[in-house]
Amino acid sequence: MTFRSILAMLSTAAVLTACGGGDATYTSEMESEYMVACVSEATLALTEFDLDANTVNDLVNNYCSCTWSEITSQLAVEEFLAEDEAIAIGADVSSQFDEIINTCGEEAFADL
């Protein structure tokens, strides 16, 4: 599996964690659900690499924290929820979300 395919897989899995509702702000529940899903998927994706558990934890936490930070600073909640709905029905991630994934992935996984 290539680095790019790992990022594509992580993007879909992570976005599919948004909570429903019409809140205009991100909630701690949304963050928690996103982080759990992102960490789980990223950890699974890195199993094919010969990395020790501490390295994997650091990489995954850096990546997931970065993507959440960028999502919440660049996307309104409504945009995030719309992205979630689109991916749930099989759409590709938006170019804006793809850029977030790539930027954070390159930072977090640069040494792989």
Between L75 and Q96, which heavy-atom pair has the shortest distance, and what is it?
-> CD2-OE1, 3.1 Å
Minimum heavy-atom distance between N54 and D52, given as atom pair plus value | N-OD1, 3.0 Å
For S65, side-chain hydrogen bond (donor to acceptor under 3.5 Å, both in side chains) partners two or more places apart | none
side-chain hydrogen bond (donor to acceptor under 3.5 Å, both in side chains) partners for E70, two or more places apart | Q74
Nearest 0.5 angstrom please: [X] [atom1] to [Y] [atom2], how far?
X    : Y    : atom1 : atom2 : answer
F109 : F49  : CZ    : CZ    : 9.0 Å
S95  : N102 : OG    : CG    : 11.0 Å
E79  : I71  : CD    : CD1   : 11.5 Å
T67  : F97  : OG1   : CZ    : 6.5 Å
M35  : S40  : CE    : OG    : 12.0 Å

Results of side chain to side chain contact (heavy atoms under 4.5 Å, CB included) for [X] - residues two or more places apart only:
X    : value
N61  : V39, N57
D50  : none
E107 : C66, T103
S69  : none

Close side-chain approach of Y26 and E31, heavy atoms under 4.5 Å | no
Validation row: E33, T27 side chains within 4.5 angstrom (heavy atoms) = no
Run through T25, T72, L81 and flag the one making a side chain to side chain contact (heavy atoms under 4.5 Å, CB included) with M30.
-> L81
Between the main-chain N or O of D58 and the side-chain N or O of N62, is there a donor-acceptor pair closer than 3.5 Å?
-> yes
